[in-house]
> 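Take a look at this one; I'll ask things after.
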Amino acid sequence: MNPQVLKKEDKLRKRYEFITLSEFGEKKFYKNIIIIYRKNDLSNSRIGITVSKKVGNAVVRNKIKRIIREFFRKSRMLYNNNYDINIIVRKKIKNCDHSDLKKELELFQIKIGK
RNA sequence: GGAGUAGACCAGACGAUCGCUGGCUUUGUCGUUGACAAGGCUGGAGGAAAGUCCGAACACCACAGGGCAGGGUGCUCCAUAACGUGGAGUCACGGUGACGUGAAGGCAAGUGCAACAGAAAGCAAACCGCCUCGCCUUGGGCGGGGUAAGGGUGAAACGGUGCGGUAAGAGCGCACCAGUUCUCCGGGUGACCGGGGAAGCUGGGUAAACCCCACCCGGUGCAAGACCAAAUAGGGGAGUGCUUGAGGGCGGCCCGUCCGAGCUCCCGGGUAGGUCGCUAGAGGUGUCGGGUAACCGGCAUCCCAGAGGAAUGAUCGUCGCCCCCGGUGCCGGGUAACCGUCCGGGGGAACAGAAUUCGGCUUACGGGCUGCUCCGACC
RNA sequence: GGGCCGUUAACUCAGUCGGUAGAGUAUCUGCCUUUUAAGCAGAGAGUCGUUGGUUCGAGUCCAACACGGCCCA
C-alpha cells in the first residue's frame, strides 16, 4: 500500500463518531491544539479535524485543515495503529506559524507511536 | 507634472515531486445489473463564490370567482422570464469642470403634528409700534377704532422690489419679477420644454405622519421534495396453539425431563443510513444583422466544479511585481538635498472558498490600462 | 444552505403618537453606628452598535453595514 495516501476510510465522517470520541477518548492539551484519541475496532486509524468559526473565516479554516491533513498523510502512524483521532484547533493558532503546529503534532506522534 | 472623474480589464506565470476529488476507459477478482483493486486519459472556485437586500426558475402545500385586510413599488419611455434591476431621457440639487446624486405621485380629498421662544404656528389674530377719535390734561395717561410698513421671536410669520396712494397703512392701484389655476399655438411616443393670453392676489412645512391614487404580490423553501430501507419498539391481517401442549433449553437425532403462552408468515407507516433532485443553462465564445443604448435575433462552435466533518493543497526551483537597507562604475533630471537607472541582501503579495441554479443590488479589496476635465510649467 | 430576532450608563432593562434620555444594581462622598452590613441623603458615569438620509429637530422614521444570539435535518 502506498504510504502517502489519505482516503475517505481514514477520516472521521459522522457526527455521532465525533460525539462518542469526545465522550470516551483521552485528551491531550497543547498550546495551539487539543487532541482526543481512542482505540477503535478497525484495521486502520481515522482522523477528524475540528476548527471553530472563532478561528477565522472559511479560507483560514480550510488552510489549517489542509496543513494538518498533509502532516498525517506524510507520517506513517495511521497505518501502524488503529486509533480514532480528533484534532481541535484553538483560537490562539492565529498568532503562530506552521512550524509551531508541526512541532506539537510531532510531540503527539512520539507519545502515541510505539 | 499634480489633482480629479468615467469606463473596460487582470486576479502572479512556468516546471518537477507527493497527494485530494468528479467523469470516461483498460485489465484483474467476485460475478445478473454492479462492487472492489491497479493503471491510463481528462475536468476541478470568484469578481465578488460573501452579505442574504430584491427578483425568478424548480418543488411541495393551499386555491371556483371576486373583495377586504396586510406588504411592496412610485417622474417618463423602453428592455427583460421577472425585479426595488438596467438603458435612454425630463426635472431638481451639488461641483469651476469632466461628472455625480435623487423613495422625484398627491398636503388648493380629509385628519393630525410643530418642543422652546414668540402677540400669534394655520386662519385668522395684534406685544412694542404707527395713525385717529373721546375723556382727564403741564409732560403724559386711560379707553374705543383703524393698520400690518417697521421692531422683536423662531427652523418656519401669509409673495418680493420700486412708484403711486393714504390720517397711518395695506395687491388698495400700477410696472417688473416669482408662483398658482385655466386656456391657445409649436416641438416631443411621453415626462416635459419654448412662446402668447386671462384670472386672482397667492390657498406655508411635514405623506422615510395616518392616509388618498395608480400598479404589483397565495405560503414555504433543495434542511423543498421523490425513492430504497436496517436495528428496536409498537399497529393491522391470516394461520396455528393454550394442559388433548405451539415454541424453546438439556452440543446432532429419538425417548425422557424442565420452562411454558405465545409462535410463524404477510402488509402498511417510518428512524439511522443510502440513492435521486445535482448540474446543458433565460449557458459561454466568435461573427453578422436590428436598436442611441440596455437588449434582441440568425449562424457557427464549445461542454466548462459537483463536494457532503465538505475536494483545488504541500515542498522545491526559475522568472516577474511591490517595499526596506547597503553600495555607487556609466547615464538622465535638479543650485542642492535627492530621485530614476545598475548591483547585492532581506521581507511581502490584497479581499476572500462553490453547497439547487440563474438575473441584479450592496459591501470588502490588490494592480496596472484608456478616455475626459481642471490647475501649473515650457515651446 | 435557509429563516428569524436583538444592540440604550460598568451590569440588567424602560423609553407611548419624533421635541432637554430614565429606573434598579454596582461605584464614590457624607450622615448614622465602637466598626462592618443594612438604612438615609447626594454625586459621577451615555458618540443611544456604525455610517448616511428624511425633518426645523431623530434613541424613535428610512436605507446600507457591523457585531451578538435563536430556529429548521
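Numbers restart at 1 for each chain; the letters A, B, ... are given by sequence-line order, proteins then strands. These figures come from a predicted structure and were not determined experimentally. Hydrogens, waters and symmetry mates play no part in the numbers below; they use all other heavy atoms, side chains included.
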> Which way is the base of rC331(B) turned, syn or anti, if we draw the line at 90° from 0?
anti
> Measure the distance from NZ on K11(A) to C1' on rA307(B) and round it to the nearest whole Å.
10 Å
> Return the pairing partner of rU5(B) with a 3.5 Å limit on both distances, Watson-Crick or G-U wobble; otherwise return none.
rG371(B)
> For the backbone of K65(A) and the side chain of N62(A), can you confirm whether one donor and one acceptor N or O come within less than 3.5 Å of each other?
no
> Using the closest heavy atom to pick a nucleotide of RNA chain B for each, name whichever of A58(A) or I49(A) lands nearer the 5' end.
I49(A)
> Using Watson-Crick or G-U wobble geometry with both distances below 3.5 Å, tell me the partner of rA293(B), or none.
none
> Between rC54(B) and rG72(B), how far is it from one P atom to the other, in whole Å?
11 Å
> Got a list of protein N/O to nucleotides 48-52 of chain B N/O distances below 3.5 Å?
none

> Should rC20(B) form a Watson-Crick or G-U wobble pair with both distances under 3.5 Å, which nucleotide is its partner?
rG44(B)
> Quick one: classify the glycosidic conformation of rU55(C) as syn or anti, with syn meaning within 90° of 0.
syn
> Just wondering, do F71(A) and R73(A) contact through their side chains at under 4.5 Å, heavy atoms?
no
> Base of rG47(B) relative to its sugar, syn (within 90° of 0) or anti?
syn
> Taking the P atom in each of rC182(B) and rA109(B), what is the distance between them to the nearest angstrom?
11 Å
> Calculate the interatomic distance between F72(A) atom CZ and rC20(B) atom P; express it in whole Å.
17 Å
> Could you tell me which nucleotide pairs with rC263(B) by Watson-Crick or G-U wobble geometry, both distances under 3.5 Å, or answer none if nothing does?
rG239(B)
> Expressed in angstrom and rounded to an integer, what is the separation of K63(A) atom NZ from rU312(B) atom P?
11 Å
> For RNA chain C, list all stems, counting runs of three or more consecutive pairs where every pair is Watson-Crick or G-U wobble with both distances under 3.5 Å.
C:1-7 with C:66-72, C:10-13 with C:22-25, C:27-31 with C:39-43, C:49-53 with C:61-65
> Go through D84(A) and R38(A) one step at a time and tell me if the salt bridge (charged side-chain N to carboxylate O under 4.0 Å, His left out) criterion holds.
CA-CA 5 Å; D84(A) 282 348; R38(A) 181 197 186 200; 5.7 Å; no
> Would you mind reading off the distance between N57(A) atom CG and rA350(B) atom C1', rounded to a whole angstrom?
13 Å
> Answer yes or no: does a side-chain N or O of R69(A) lie under 4.0 Å from OP1 or OP2 of rA310(B)?
yes
> Is there a chain of hydrophobic side chains (I, L, V, M, F, W, Y, each step under 4.5 Å between heavy atoms) that links I34(A) to F24(A)?
no
> Between F108(A) and Y37(A), is the ring centroid distance below 6.0 Å?
yes
> Using the P atom as the point on both nucleotides, what is the distance between rG359(B) and rU341(B), in whole Å?
44 Å
> Could you tell me the separation between the CG atom of L21(A) and the CD atom of E26(A), rounded to the nearest 0.5 Å?
11.0 Å
> With rounding to whole Å, what would you report as the distance between rC127(B) and rG146(B) at their P atoms?
13 Å
> Which whole-number value in Å describes the distance from E17(A) CD to rG308(B) C1'?
14 Å
> Between atom CD1 in I64(A) and atom P in rG353(B), what is the gap in whole Å?
14 Å
> At less than 4.0 Å, is any side-chain N or O atom of R73(A) found next to OP1 or OP2 of rA314(B)? Yes or no.
no
> Does the structure show a Watson-Crick or G-U wobble partner for rA50(B), both distances under 3.5 Å? Name it, or say none.
rU362(B)
> Within the structure provided, determine whether Y83(A) and I47(A) are in side-chain contact (heavy-atom separation under 4.5 Å).
no
> What distance, rounded to whole Å, do you find between the two C1' atoms, one in rG345(B) and one in rC375(B)?
43 Å
> I'd like the C1' distance from rA48(B) over to rC325(B), given in whole Å.
38 Å
> Measure the distance from CD on E70(A) to P on rA311(B) and round it to the nearest whole Å.
14 Å
> Would you name the heavy atoms of K11(A) and R46(A) that are closest together and state the gap between them?
O-CD, 4.0 Å
> Does rC299(B) pair with anything, Watson-Crick or G-U wobble, both distances under 3.5 Å, and if so, with which nucleotide?
rG286(B)
> How far does the C1' atom of rU5(B) sit from the matching atom of rG15(B), given to the nearest Å?
44 Å
> Check the distance between rU21(B)'s P and N62(A)'s CG and give it to me in whole angstrom.
15 Å
> Using purine N1 to pyrimidine N3 plus N6-O4 or O6-N4 for Watson-Crick, or N1-O2 and O6-N3 for G-U wobble, each under 3.5 Å, what pairs with rC316(B)?
rG15(B)
> Say you draw a straight line from CD1 of I88(A) to CZ of F29(A); how long is it, rounded to the nearest 0.5 Å?
8.5 Å
> Is rG203(B) in the syn or the anti form, by the rule that syn lies within 90° of 0?
syn
> Should rA125(B) form a Watson-Crick or G-U wobble pair with both distances under 3.5 Å, which nucleotide is its partner?
none
> Taking all non-hydrogen atoms of both residues, which atom of I68(A) and which atom of I87(A) are closest, and how far apart?
CD1-CG2, 4.0 Å
> Decide, for rA45(B), between syn and anti: a glycosidic angle within 90° of 0 counts as syn, anything else as anti.
syn
> Looking at residues at least two apart in the chain, or sitting in another chain, which of them share a side chain to side chain donor-acceptor pair (under 3.5 Å) with N86(A)?
T50(A)
> Is any side-chain heavy atom of L105(A) closer than 4.5 Å to one of I33(A)?
yes
> What's the gap between rG22(B) and rG308(B) when it is taken at their P atoms, as a whole Å value?
6 Å
